[in-house]
Every structure is written in C-alpha cells, then in structure tokens.
**Student:** 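Here it is, the structure, as structure tokens.
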Amino acid sequence: MGGATFANGLTWYPEIYYRTLPDNLLTSNGTIYYWATIATSGIVLIAMVWSMRRFRQYLAINVTLILIAVGLLIPAVSATLNVMSTPSNRWLLMAQLVFGLLAATLIDHLNLFDQRDFWWLTGVTIIFIILIWIANGFIFKFRDIQTLLYVIFFMFVWLMSLILLNPHHVLQFKLGMLGVVMLNTIAIGLSFYSSNYSGAPANELPTKTAEKWSVDYFDRADQYLNRIDHSFYRTATSNNYYSMLTVGNDIPMLLNTHTISSYYSVQNGDVNTFNQQLANSQNSMNNPTSDVDTRTSLLSLLNVKYLFARQDDVANHQAMPYGFTQLKTAKGHAAILKDRPVFGVGNGTGTAILKNKYALPLAYTQSSQITPKTFNSLSAIQKQQSLLQGTAVTHKIDGLKQATLTSTTHQAAYSVKLTSEPVLTIPDAINYRLTHNIKKSMSASVKTNLKPSEAMKYAAATGLETPSALSKNYLRITKQPLITIVKQISTVLRQ
C-alpha cells in the first residue's frame with residue numbers, strides 16, 4: 001500500500017491484452033500480459049458451453065464463471081485482489097479449481113449431453129475461431145504449438161460427437177478421452193516450458209545453479225564475516241554489485257546477512273514513504289529500500305556495518321563511500337574473497353568487504369524532535385542528514401526540545417550536457433537526415449551538425465522545404481517531454 005497507484009491508473013487494459021485473451025484460453029507461450037495465464041484444456045471449454053446451457057441447474061458455478069470473465073476484463077478487479085495495488089491476474093490460479101470442477105461435472109453427466117449441446121458447441125467454436133482470427137490480425141498464421149492445441153480441442157469436439165452417434169461405444173470413448181486429456185496436458189506444458197515453443201525457459205536457471213548461487217552469492221564473504229564478527233550487524237551491497245535487476249533479492253534471507261533490502265509482493269507503506277521522502281533512486285514497489293543508493297548517511301542511519309562491493313570497483317576506487325574502509329585480515333591484507341563463478345548469473349569478480357565506522361546501533365534514542373513543518377521544508381539530502389540529529393515526528397510533541405539542524409551539504413557547480421542531439425526543430429531534422437543519408441546523394445558529403453542557418457540551405461535536398469503535417473506533429477510531440485526531463489534533471493542536480 002502506498003507504493004503504487006491503484007490499478008496503475010487504468011480504467012481498461014491496453015488493446016493487446018484483450019486481443020491475446022482468446023488465444024490464452026487454450027494456449028500459453030510465455031508472453032504474459034498482467035499475469036493473465038489461463039491455458040486450460042479443451043474439455044473445459046466444452047464443459048463451459050454445456051454448463052451455461054443449464055444455467056439455473058448449475059447456477060452457482062455459472063455465476064462464478066461470469067464473475068471470472070468480468071474480472072479478467074477490468075483492471076480494478078485484479079488490482080483489488082492484489083491488495084489494492086497494481087493489476088495482476090495471478091488470482092486466476094484459483095479459477096483453475098472452478099474449471100476442474102466443471103470438467104468433472106460434465107464427465108459425470110455425459111448421459112445428459114445431447115444434440116442441442118453439440119449445436120451450441122459448434123456455434124461457440126465458430127465464434128472462438130473468428131475471435132482468434134481477428135486477434136491474430138485477420139490471418140490464420142499460428143505457431144506450431146498453437147496449431148497442436150487447437151487440433152486437440154477439435155479432437156475433444158469429435159469425441160463428444162462420437163458419444164452422440166455411437167452411445168454404446170463407452171469404452172472407446174473413455175480411452176479416447178483419457179488419451180486426449182493426457183496429450184492436452186503435455187502440449188500445454190510444452191507451450192510454456194519448452195524452449196522450442198516459448199521464451200520463458202530463457203529466464204530459468206540450469207539444474208543446481210540456484211543451489212550453488214545461494215551459497216556463493218557473496219563469494220562466501222558472508223561466511224568470512226561470521227567467523228570474525230559474532231555481534232549483530234546489518235549489511236548491504238554497493239551499487240551494481242550485480243548488474244541484473246531484482247537479482248537474488250531473497251538470497252540474503254537464506255544467508256542470514258541481515259540486509260536492509262526487503263523483497264516482497266506486499267510491503268509496509270511507511271517503508272516506501274520513508275524512501276520516497278529521501279529520494280532513494282533505488283526505491284521500487286517490491287523492494288522499497290534496496291541499498292539506499294549506497295549513501296553513507298542512510299547506511300549509517302540503518303546501522304549498516306559492512307558493505308559487500310565488487311573487487312574491480314574497489315580497485316578502481318568506484319565503490320568506497322565516505323566513512324567506509326576496506327576490511328583487513330589479521331596479516332593486514334585487504335579482505336578480498338576470490339570470485340566463485342556461477343554459470344549464467346555470477347558477477348565475474350571477487351568480493352571486497354568494506355566496514356563503516358559511522359554505523360549506528362540497531363536500536364537507539366534521540367533527545368530532540370524535528371517537526372513536520374521543518375522536516376517537509378528540507379531537501380531530500382538535508383532530510384537524511386537531519387535524521388542523524390533528531391527524530392522526525394508526525395506531530396509536534398510538547399515538552400520535547402526541537403533539534404538544531406546543521407547542514408553539511410554544498411551546492412556544486414554543474415552543467416548539463418546531452419549525450420545525443422535531440423530532434424526538436426526543422427534544422428535538427430535536416431541535420432538528422434543529412435547524417436542518415438542512405439541514398440548517397442550530393443548532400444551525402446555535407447558535414448553534419450550544421451548551424452540552423454546553414455542547415456536551412458539543405459531543406460529542399462532533405463525534403464523539408466515544406467515540412468509535412470506528420471513531421472511537424474512529431475517535433476511537437478518530442479519537444480515537450482524532453483524539456484520537462486531536462487528541468488527535472490536540473491532540479492535533482494541542484495539538490
């Protein structure tokens with residue numbers, strides 16, 4: 001709560017979400033939008049049609065199906081089931097129980113399946129095919145696994161027609177149904193977990209890699225600390241200790257390193273507010289604190305005694321925050337733990353341990369208060385320093401002295417330099433077209449980055465003597481966001 005806008009501010013999902021729903025009903029290829037994974041079996045779709053025809057007889061389950069369908073269409077429903085935060089349809093796992101009950105109910109009452117059911121099933125199948133055709137861009141071009149799953153669905157339909165045409169062939173029907181259900185289960189599994197059909201396996205680790213990584217995540221620097229320091233202490237990692245996002249967020253919990261980060265789907269809103277007030281750029285909904293930008297003041301405030309840093313960063317003096325010194329062995333050598341490679345996920349360097357001489361204890365008290373009015377008037381950097389001098393309170397407390405705040409911040413001179421030239425004006429567009437001239441015309445030999453007055457001489461040669469409405473609209477759209485971004489950067493740098 002507090003870390004996200006309810007339902008991401010969505011009233012409806014993007015168009016692509018709705019276009020993929022018909023296909024996701026029977027297949028799954030690892031491309032998931034808002035975790036809308038259904039991938040149920042063909043027999044379930046038949047059971048839905050059969051049950052809906054007997055709406056009053058199976059009222060509870062039919063109403064449940066309608067609620068599931070409505071819930072899939074509206075972001076507010078999935079956001080509500082996701083603790084009032086972002087829309088996530090992982091609640092569909094529970095829907096599989098309903099689908100399983102439907103299939104079992106149909107099989108138990110096959111004697112009630114009649115010709116009207118078959119005609120209804122035929123109509124629904126035609127509508128289903130049309131929806132997939134529209135969603136697929138008005139073409140019937142499917143991946144192999146899609147084709148297989150649709151064929152399996154029609155095998156179910158064929159079996160249902162068999163029981164109508166030959167009601168005495170019960171054994172053949174049962175054997176056929178068992179075989180198709182098994183084939184359907186295998187195909188659904190392959191559609192998600194096989195690298196031949198899905199991109200999902202690319203995100204998985206090879207066998208035993210996770211087991212090794214959970215031990216060697218810090219190159220066993222954590223084990224080294226356990227041997228030399230038996231007191232309670234907190235740890236953190238330096239920026240880019242691992243360059244992969246959300247990598248190993250839960251591993252410190254296994255290693256008992258008492259890190260300041262916390263990776264959960266549901267977080268305490270006050271922790272998020274704390275990090276946002278202090279402009280922690282590493283703040284995210286699932287991990288609001290992370291490593292607090294490796295800021296000395298915040299690391300000390302959160303009683304971080306040791307910092308795990310990349311060996312190559314320490315060697316290049318890139319990961320040594322103020323107040324931290326490199327831990328030494330009993331012989332006076334720097335405590336460097338050699339790299340323990342882990343296939344595909346290692347960071348390719350050893351681990352240095354840095355010790356913070358300013359780390360505060362786990363629990364301590366302050367003797368003065370910082371009123372909300374004073375605290376809110378400070379910049380993010382000033383706020384983090386003020387918390388080392390007093391306690392920020394939610395309302396003024398009578399009888400308690402106010403903290404006398406002293407700031408050690410200094411405003412450094414800076415200038416903003418763009419790493420690439422934006423296309424904001426007609427002369428910019430002319431320069432861009434001269435640079436990317438692929439027709440090798442006379443203007444190909446002209447030097448780029450011309451001044452606006454010089455660039456206008458080549459307006460005709462680049463087709464911009466009379467810019468089209470499309471070109472003007474592009475310039476209008478790109479100009480405003482860039483100006484806003486530059487202003488935001490300037491504001492941050494001033495702080």
Side-chain angles (χ1 to χ4, degrees), residues 1-6 9 83-85 233-239 258-264 266-305 307 321-324 356-414 484-495:
M1 297 290 287
T5 304
F6 176 71
V83 292
M84 306 295 289
S85 60
Y233 53 83
R234 290 202 181 281
T235 67
T237 57
S238 62
N239 286 342
H258 307 296
T259 56
I260 56 177
S261 65
S262 54
Y263 187 79
Y264 299 102
V266 183
Q267 294 273 2
N268 187 317
D270 291 332
V271 178
N272 180 71
T273 301
F274 168 79
N275 282 280
Q276 288 191 336
Q277 286 180 327
L278 302 180
N280 177 6
S281 66
Q282 291 183 318
N283 170 251
S284 64
M285 186 178 65
N286 296 109
N287 190 354
T289 305
S290 190
D291 295 306
V292 291
D293 297 333
T294 320
R295 298 189 206 167
T296 299
S297 296
L298 285 178
L299 290 173
S300 300
L301 183 70
L302 299 176
N303 62 284
V304 173
K305 187 175 181 181
L307 193 69
Y322 179 80
F324 282 81
N356 182 10
K357 65 180 180 180
Y358 295 119
L360 293 170
L362 176 64
Y364 59 92
T365 60
Q366 295 277 17
S367 58
S368 57
Q369 65 175 317
I370 307 171
T371 62
K373 182 178 180 180
T374 301
F375 189 74
N376 293 332
S377 66
L378 302 175
S379 69
I381 301 300
Q382 291 170 333
K383 284 177 181 177
Q384 73 175 24
Q385 291 184 0
S386 71
L387 293 176
L388 296 172
Q389 303 170 50
T391 297
V393 294
T394 54
H395 60 275
K396 186 177 180 180
I397 302 174
D398 296 332
L400 187 65
K401 70 176 183 178
Q402 295 192 38
T404 302
L405 303 179
T406 57
S407 176
T408 59
T409 60
H410 299 282
Q411 184 166 331
Y414 70 91
T484 303
I485 291 170
V486 171
K487 287 181 178 177
Q488 291 174 344
I489 293 173
S490 299
T491 301
V492 171
L493 288 172
R494 280 197 295 272
Q495 291 179 349

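When reading the values below, keep in mind they use all heavy atoms of this one structure, side chains included, and skip hydrogens, waters and symmetry mates. Position 1 is the first residue of the sequence; numbering continues from there.
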**Student:** Supply the atom-to-atom distance Q384 CD to L378 CG, rounded to the nearest 0.5 angstrom.
**Tutor:** 11.5 Å
**Student:** For T408, is there any backbone N or O sitting under 3.5 Å from a side-chain donor or acceptor partner on Q385?
**Tutor:** yes
**Student:** List in chain and number order the residues that pass side chain to side chain donor-acceptor pair (under 3.5 Å) with S262, two or more places apart in sequence or in another chain; answer none if no residue qualifies.
**Tutor:** Q267
**Student:** With sequence neighbours excluded, give me every side chain to side chain donor-acceptor pair (under 3.5 Å) pair touching residues 357-375.
**Tutor:** T371-T374
**Student:** Is a side-chain donor or acceptor of Q282 paired with a backbone partner of D291 at a separation under 3.5 angstrom?
**Tutor:** yes
**Student:** Using ring-ring contact (aromatic ring centres under 6.0 Å, His included) as the criterion, list what pairs up with F375, not counting sequence neighbours.
**Tutor:** none
**Student:** Under the side chain to side chain donor-acceptor pair (under 3.5 Å) test, which residues partner S300, sequence neighbours left out?
**Tutor:** N356
**Student:** Sub-3.5 Å donor-acceptor pair from the side chain of S407 to the main-chain atoms of Q382, do we have one?
**Tutor:** no
**Student:** Taking side chain to side chain donor-acceptor pair (under 3.5 Å) as the test, write out the residues that go with T391, two or more places apart.
**Tutor:** none
**Student:** Apply side chain to side chain donor-acceptor pair (under 3.5 Å) to T289 and list each qualifying residue two or more places apart in sequence or on a separate chain.
**Tutor:** N275
**Student:** Between CG of L299 and OG1 of T235, what distance do you get to the nearest 0.5 Å?
**Tutor:** 10.5 Å
**Student:** Which pair of heavy atoms, one from I260 and one from R234, lies closest together, and at what distance?
**Tutor:** CG2-CD, 4.0 Å
**Student:** Which atoms form the tightest heavy-atom contact between M84 and F6, and what is the distance?
**Tutor:** O-CD1, 3.6 Å
**Student:** Between L387 and L278, does a side-chain contact (heavy atoms from CB on, under 4.5 Å) hold up when you go through it step by step?
**Tutor:** CA-CA 10 Å; L387 293 176; L278 302 180; 4.2 Å; yes
**Student:** Set out, in order, the CA-CA distance, both residues' side-chain angles and the distance that settles side-chain contact (heavy atoms from CB on, under 4.5 Å) for T294 and F324, then state yes or no.
**Tutor:** CA-CA 11 Å; T294 320; F324 282 81; over 6 Å; no
**Student:** Run the side chain to side chain contact (heavy atoms under 4.5 Å, CB included) test against N287 and tell me which residues pass, sequence neighbours left out.
**Tutor:** N249, S261, Y263, S284, S290
**Student:** Taking salt bridge (Lys or Arg N to Asp or Glu O under 4.0 Å) as the definition, give me every residue that meets it alongside R295, ordered by chain and number, with sequence neighbours left out.
**Tutor:** D293
**Student:** For residues 390-409, which residue pairs qualify under salt bridge (Lys or Arg N to Asp or Glu O under 4.0 Å), counting only residues two or more places apart or in two chains?
**Tutor:** none
**Student:** Looking only at heavy atoms, what is the nearest atom pair of A279 and A380, with distance?
**Tutor:** CB-CB, 3.5 Å
**Student:** Are side-chain N/O atoms of N272 and N283 paired as donor and acceptor at under 3.5 Å?
**Tutor:** yes
**Student:** Please assess L298 against F274 for the test side-chain contact (heavy atoms from CB on, under 4.5 Å), listing each intermediate value before the final yes or no.
**Tutor:** CA-CA 11 Å; L298 285 178; F274 168 79; 4.2 Å; yes
**Student:** Between P288 and V271, which heavy-atom pair has the shortest distance, and what is it?
**Tutor:** CG-CG1, 3.7 Å
